[in-house]
Amino acid sequence: MKKILAMLLAVVMVFGLAACGGDTAEETTPATTGQAQTATEPAEGKKYEGVELTMWSMWGSGEPQALVIEEAAAAFEAETGAKVNIEWKGRDINTLLSAALESGEKFDIFEDDYQRIATTYVDYTYDLTAMAEAAGYADYSYACFNDQVVEWAGFLNSIVEQPQIGGVFYDKAAFETAGIASVPTTWAEFLDACAKLKEAGIAPLALDGAYAYFTFYHHLVRYMGEDALQEVAMNGGWSDSAAVTAAQEIIDFVNAGYLVEGAPDEYPASQNKVGLGQAAMVVCANYVTTEVDNAVGAIDWGFFNYPEVEGCVDSSAYAGANSLAITSYTENAQAAFDFIQYMTTGTYGQKLVDNCGQIPADARLTESVLVGSVETLKNSTAPMSWCGATNANSDLAQSFKDAFNGLYAGKYESGEAFCAALDALY
Amino acid sequence: MKKNRTMILAFILPTVFCLLFMYVYPVVRTVIMSFFQVESLTSDTSAWTFNGLANYAKIMGSSGFQLAMKNMMLIWLVGGLITLALSMLMAVILTSGIRGSKFFKAAIYMPNIVSAVALATMWVQYIFNYDYGLLNEIVQLFGGEKVKWLGLDLKFWAMLAAFIFGSVGYYMLIYISGIEGIPRDLYEAATLDGASKVSQFSKITMPLMKGIIKTSITFWSINATTFFLWTKMFSPVNTEGSTIVPVVYLYDIVFGGKGIIERDAGAGAAVGVVLTLIIIAVYAIMNLTLKDSDLEY
């Protein structure tokens, strides 16, 4: 009896383990070339009756964006008959996507940073050019993103869902209190505004250590441009570059007491001080406004491009995007494209703007925050990257971050000392 | 008892298969991958290019990896000394028959049942906060000036202190279980012979705990080499040099980061192999230096 029982248990264990394995019969092979649209034939009735789409989202369930996307999926199903299954993968979706795409995992749409979609995942993405043309996408989207995607990927492989713009975000009320009538466009005007703010009892700039890298990157790009900066970042020679002047100006800025107390602080302590009325400005991307509003209450935000310096080489603003792509091996590319359009334009595109405080992905929609950002993006041709020139040296990027942070923490006595410290890294 | 080979095989095979497919295969693949140029972790082996020892040369020459190793060694050495010493001290005190020992055991172990994310958030946002943090409140109470606990110079040590706080309870329980296994009559006899508490600790407790100390050092070494979450919590947006550790370095080069699209799974595999060798080396040194006694508890 014991023997039979033991044998049964062993069999159960084996079956249990076998059940843990997935059914590989449904796996598909990624088609990296020769993409042919093989949309499932719709049954009678609605346009996509019987079609099932799976989307991997970078949002977490319950987030404002997730709620809008869920609502859009339900409405899309009611309208077209296509069922959209959404899997919330969260911000670390990039750690899952490569493996999933390489193994041909069955999903149709995914979200991630547009640069990663256009570079890392390009072989597994659908060429959207024809469908975008048919939809007139170029008329209501931003050329700066589309051109960049085509430059990186060779074809349009993503649709912008959440455009981002970087620069100086400020509390309009603080500027009014300090009597600043117009936003500064040059470093001299910026310092003048800082002096007025300080006089009015408001700390001019909030800065979290996490964004010190991005903040000083602006200043370096203004003096050197991204190409020259990358050259120095890769090979050294900081002491012989305009970085000396850039660093010295920041040291003078810090010594003038223009940083809020505690800065550079631990994210998000310093940026929240703008919301609390203790500081007037913060250098970041536009999502800082939502983060601060959610943390400490809404304020009336304004935005201006990081000021130009004397002899400015490059005055471009940072622009980036979280975008949506379609897998190269999807069987329902048109339905997936239509859902993406449904979600990012019209009613649901507007809901993403209104409920999530983001810049419209569809330039025809109405801005609810940071009015003017659509115009800025539309006029932008060559946006600045997110620290791309210094990140190009992946070996030293961590050291650059610490050094840039140290610059705002008052660690260096002069621009020469700062650049000498950087050169010592090579 | 009569041995039944079929039965033994039936029970062992599922485990052996699991071990082979879920452990041995990834380990072997990682070791092989470390000698190849591989961009994506899951790319087909046909896309791999033999790279010799170039991946190892790359990481050894990388200042980011060197910084990460330095931080890891500090966590292992300084953090290990403080954590294990504090744990032993607590264990000895709490097994000495003091009143309320059950409460203290529970209280000291408490951080281990709280999510490490919640624990790290508490330290970052409420204890080390510059404006209203507990530590600066105390400093100001004594007339001192506020300290930037999470500034460049102190951030690593702040992170280590928080990690130690969360770790002491775990090792304390291990030591308590060891001490409680030592027969009480040994201590009673020593007391009758006039041995002080310190002598009892050094002559009875420590020698009989050799095996447990060895185990705890091995556990700590594994914890230090796989240190990840605390760095992520203390550098939430970008990886920072002050808190980087090898596993975070590995994560960044394998998956890329904010604004970083370059990936190198081959170099990541080399980091993984180096970390494994470090753990094996520590374990071997432990076995050589702390020989098992005939008698231990």
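Each chain gets a letter, A, B and so on, in the order its sequence line appears, and its residues count up from 1. In what follows, every heavy atom counts, from backbone to side chain, and hydrogens, waters and symmetry copies are set aside.
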| field | Residue pair B:Ser235 / A:Gln398, side-chain heavy-atom distance below 4.5 Å | value | no
| Does CE in B:Met110 sit with more than 12 non-hydrogen atoms of other residues, nucleotides or ligands closer than 6.0 Å? | no
| query | What's the verdict on side chain to side chain donor-acceptor pair (under 3.5 Å) for B:Ser63 and A:Asp395, showing C-alpha distance, side-chain angles and the deciding distance? | reply | CA-CA 6 Å; B:Ser63 64; A:Asp395 273 351; over 6 Å; no
| task | Would you mind checking which part of A:Ala212 comes under 4.5 Å of any heavy atom in chain B, side chain (CB onward), backbone (N, CA, C, O), both or neither? | result | neither
| request: Only counting residues at least two apart or in another chain, list the ones meeting salt bridge (charged side-chain N to carboxylate O under 4.0 Å, His left out) with A:Asp112. | output: A:Arg116
| said: Taking 4.5 Å as the heavy-atom cut-off, does anything in residues 23-44 of chain B contact chain A, and if so which residues? | reply: B:Ser40, B:Thr42, B:Ser43
| task | Under 4.5 Å heavy-atom distance to chain A, tell me which part of B:Leu150 shows up: side chain, backbone, both or neither. | result | both
| query | Which salt bridge (charged side-chain N to carboxylate O under 4.0 Å, His left out) pairs, counting each pair once, include a residue from residues 144-168 of chain B, with sequence neighbours left out? | reply | A:Glu261-B:Lys146, A:Glu266-B:Lys155, B:Asp131-B:Lys146, B:Lys155-B:Glu240
| Where on B:Gln66 is there a heavy atom nearer than 4.5 Å to chain A: the side chain, the backbone, both, or neither? | neither
| note | Honestly, the part of A:Tyr211 sitting under 4.5 Å from a heavy atom of chain B is side chain
| request: Under 4.5 Å heavy-atom distance to chain B, tell me which part of A:Ala269 shows up: side chain, backbone, both or neither. | output: side chain
| field | Residue part contacting chain B, namely of A:Asn405, when any heavy atom lies under 4.5 Å | value | both
| request: Write out all pairs satisfying salt bridge (charged side-chain N to carboxylate O under 4.0 Å, His left out) with one or both partners inside residues 8-19 of chain B, taking only residues at least two apart or from two chains. | output: none
| message | So does B:Ser242 get a backbone contact from the side chain of A:Asp402, meaning a donor-acceptor N/O pair under 3.5 Å? | response | yes
| note | Cut-off 4.5 Å, heavy atoms of chain B, and the answer for A:Thr95 is both
| remark: The interface call for A:Ser399 against chain B, heavy-atom contacts under 4.5 Å, is side chain
| note | Heaviest contributor of heavy-atom pairs below 4.5 Å to chain A, chosen from B:Tyr251, B:Trp149, B:Tyr249, is B:Tyr251
| remark: Answer key: most heavy-atom pairs under 4.5 Å with chain A among B:Phe17, B:Phe128, B:Tyr130, B:Phe65 is B:Tyr130
| field | Part of B:Asp264 within contact of chain A (heavy atom distance under 4.5 Å) | value | neither
| said: Please report the interatomic distance SG(A:Cys387) to CG(B:Asn238), rounded to the nearest 0.5 Å. | reply: 7.0 Å
| query | How close do A:Ala392 and B:Glu262 get, heavy atom to heavy atom, and via which atoms? | reply | O-OE1, 4.3 Å
